[in-house]
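Letters go in sequence order (proteins before strands), and every chain restarts at 1. As a basis for the values below, the full set of heavy atoms in this structure was taken, side chains included, without hydrogen atoms, waters or symmetry mates.
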Protein chains: 2
Amino acid sequence: MRPSLECRRTETHLYGVELYEGDDAVTELTKRDQQVLEAVITDHIHSGDPVGSRTISKRYGLKVSSATIRNVMADLEEMGFLQQPHTSAGRIPTEKGLRFYLDSLMQFREMEEGERRLIRKALEETQQDIKGLLQRTSRILSRLCKQAGVVLWPRLSSTHLKQIEFIRLRRQQIMVILISKSGLVHHTVLDWEEDITQDELDKYGRYLNDLLEDVPLGKAKERILEEMQKEKVLFDQLYSRALRISRHFFQFNLEKSDIYIEGQTNLLNNPEFSDVERMRRILETFEDKSRIIRLLDKTLNMSSGVQIILGQESELEELQGISLISSPYRKGDTLLGVLGVIGPLRMDYSRIIPVVEFTAGLLSQLMEEPEDY
Amino acid sequence: MRPSLECRRTETHLYGVELYEGDDAVTELTKRDQQVLEAVITDHIHSGDPVGSRTISKRYGLKVSSATIRNVMADLEEMGFLQQPHTSAGRIPTEKGLRFYLDSLMQFREMEEGERRLIRKALEETQQDIKGLLQRTSRILSRLCKQAGVVLWPRLSSTHLKQIEFIRLRRQQIMVILISKSGLVHHTVLDWEEDITQDELDKYGRYLNDLLEDVPLGKAKERILEEMQKEKVLFDQLYSRALRISRHFFQFNLEKSDIYIEGQTNLLNNPEFSDVERMRRILETFEDKSRIIRLLDKTLNMSSGVQIILGQESELEELQGISLISSPYRKGDTLLGVLGVIGPLRMDYSRIIPVVEFTAGLLSQLMEEPEDY
DNA sequence: AATTAGCACTCGACTCTGATGAGTGCTAAC
DNA sequence: GTTAGCACTCATCAGAGTCGAGTGCTAATT
């Protein structure tokens, strides 16, 4: 049965629908073509199987016979929206077909209050530790959508400094700890050619905390360079060393990021991944997080709403047959990170997109929370 | 072909071999019984299939016919060392059989110099960040053994304090950051009923750094309680609050731990896990790390050498058919954590045990490294 | 008494077969 | 333009037959 639909349209025009095919004339999709395409897709999303002409003519309110549907389907196949796994099977959508569906046909389903409540409960849990918050977020996404949930950490560069601290671990080895206003902690060990006492390091800390107060960390490097030009600094060993160390630190750590992926095992429940070899490749990709991080990074800078990347579009061949629904979360005007759901191409988009959107909104709201001094 | 063996014996007597079965008389394994059992196991470990009597009589240097072997195998089955997947198949070892093999039959294979070099190279990489070190350790274990590699982090309680730091995040919210001498960083957000200024928190930090200097963190709670008894503290608001906060912190964070699991996808290569449902259950167990942590914790306190836990023995039913080879690593006399390899029951123990042992030794050595002031 | 050759038997794995049915494309009639 | 009808395709499934690895038992051999 077709789920009841609501009448809001998606805004994801990331990849425009090509209604013009190469040199061909305009290939217009008639109203009926679209209805059939939509029917095929919704049915396939729910069943996972190829769908045949009879099913469509019977189950969806089109008042034409299966033969007519067959003709339409043949047209849609020719235009590249549908494909046939083998001659005597029904049709399944191509990525192009899905893309068109997402951009022009799909209508969101209103979220149930129960779902909203679950998400709120998961995120608003008292414990206000950012790490935990992000982890809980990816967990609830995976639970609710029955796929893998993913959350990209905020980059340091998109946050403000709360405190920076240098600690002498041993000779010529310093640990730098940076806490952002949002409660993110980042620490690295730095090898430094000179040996510096803890006392002196404490001074560096105080100096830099002053210097970088209220500077968005993305601008920190500039600020440091600027300061390095100043005369009083040029000739003061303390200042100049403090600046050199911190420049070195920011150089390598500002753009690092990490992700949480939860519920990978949910993917194993999808019949399309019952092929072990295929699944292995996908899980392997998840193990080496860097590729996924790069992918999410890319979506971060692209738009402000929900985005969908289908298989090919990811340009990662390990992710053939995989789809990513993502949305950035933010604090005020700055985008912090991205969260989303990873699953097969055949996902219940009309249900999951609102979930992702809502979760991103709620997370942004929590980030916003007044700095309550 | 049987790999060439070296002549050192395993010390893993974790689960004693039961040569006495219930009320029965002594069931002695003759020399030949043992040879056959060993042959079955080595063959099965390398092929993965049930092995038949003919294979054994031909391929392993026993100078008896297959018929004799059959008789022996029937005996071994009766005694519970072997089992038959179905009537007309060969035999595979039971867990009891494997246990006996591990405890009394198996001989280690000498590690190749190449393996040693690889491990050294992976661990001794310049970057001296503990997190990275542990991650690299579990990665090299998984690579070398073609199974999942796992490393349990050191507990705070087994390290010494380098520095403790309190940072005011917002009203009634404090971040506690603790750095251990080994370079481990632990941070938590604490909700506290009173609001405390950063200035005051700095004082707490200095006070506690003094108080806990050179105290092993496992003893920190005692030390704090002791201090709380002192008169000068009882009536000093600053001291007493600092102590209460830190007590609260240690209460909840001393025993927390985490693990790195790398190379989970290697498990998918084992034919025994080609069943998707089975694999799903195992990966699910890995996703919720707490159970694995508890399991590793248990082995931590049990012995100082390499230990092996076979399926049943783990008392986790999700880990049926799974085997863990682990060894603690240490710093001086204190056990820090555990590292190991997780794979199917049918692993190449004679090769992997030395690898785990060597890696644990090397990691311990790196932990040892002089505190180089 | 232990070992072995021989043999009947078991059973999973594989192949071949035909039946089934979902689904198609095409054509001619409406 | 739509539809009924029909021949055709092809994945899937069940059943039958074959193969071969491996067993257990027995009787002969050492």
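- Direction change of the helix axis from one end of the helix from C:dA1-D:dT30 to C:dC30-D:dG1 to the other is 20°, with five pairs defining each end axis (rounded to 10°).
- With rounding to whole Å, A:M73 atom CE is found 9 Å from C:dG23 atom P.
- Partners of A:Q84 by side chain to side chain donor-acceptor pair (under 3.5 Å), not counting sequence neighbours: none found.
- Contacts between residues 61-70 of chain B and DNA chain C, defined by a heavy-atom separation below 4.0 Å, involve B:K63, B:V64, B:S65, B:A67, B:T68, B:R70, listed by number.
- A:N266 pairs by the side-chain contact (heavy atoms from CB on, under 4.5 Å) definition with A:S142, A:N269, not counting sequence neighbours.
- Test A:T94, A:V36, A:V40 against A:L76 for side chain to side chain contact (heavy atoms under 4.5 Å, CB included) and you get one pass: A:V36.
- Between C:dG23, D:dG24, D:dG22, one nucleotide has an atom nearer to the side chain of B:A74 than all others, and that is D:dG24.
- The distance between atom NZ of B:K58 and atom C1' of C:dT4, rounded to the nearest whole Å, is 17 Å.
- The interatomic distance linking A:L82 (CG) with C:dT24 (C1') rounds to 14 Å, in whole Å.
- Under the side chain to side chain donor-acceptor pair (under 3.5 Å) criterion, B:E95 pairs with no residue at all, not counting sequence neighbours.
- Every residue two or more places apart in sequence or in another chain that forms a side-chain contact (heavy atoms from CB on, under 4.5 Å) with A:S57 is listed here: A:S66, A:I69.
- B:N71 and B:T68 share no donor-acceptor pair across their side chains, judged by distance under 3.5 Å alone.
- Summary of the strand contacts: A:V51 and B:R32 both lie near DNA chain C, and taking for each the nucleotide with the nearest heavy atom, the more 5' one is attributed to B:R32.
- As a whole-Å value, the separation of A:Q83 CD from C:dT24 P is 14 Å.
- Listed by chain and number, the residues in a salt bridge (charged side-chain N to carboxylate O under 4.0 Å, His left out) with A:E277 are A:R280 (sequence neighbours excluded).
- Every residue was checked against the side chain to side chain donor-acceptor pair (under 3.5 Å) condition with A:Q320, not counting sequence neighbours, and none meets it.
- Proximity of A:R91 to the phosphate of C:dG25: a side-chain N or O atom is located under 4.0 Å from OP1 or OP2.
- Between B:D33 atom CG and C:dA2 atom P there is a gap of 12 Å when expressed in whole angstrom units.
- In this entry the distance linking CD of A:Q84 with P of C:dG23 reads 11 Å, nearest Å.
- The side-chain contact (heavy atoms from CB on, under 4.5 Å) check on B:V276 picks up A:L268, A:V276, with sequence neighbours excluded.
- Partners of A:S53 according to the side chain to side chain donor-acceptor pair (under 3.5 Å) rule, which considers only residues two or more places apart in sequence or in another chain, are A:R70.
- If you take CG of A:N71 and P of C:dC26, they are 9 Å apart, rounded to a whole angstrom.
- Remark: B:K146 engages no residue in a salt bridge (charged side-chain N to carboxylate O under 4.0 Å, His left out) (not counting sequence neighbours).
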request  = Sugar-phosphate means primed atoms, P, OP1 and OP2; the rest is base. With that split, encode nucleotides 11-19 of chain C 5' to 3' as B, S or - using protein heavy atoms under 4.0 Å.
outcome  = BS-------
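- For B:I56 and D:dA21, the CD1 to P distance is 16 Å, given to the nearest whole Å.
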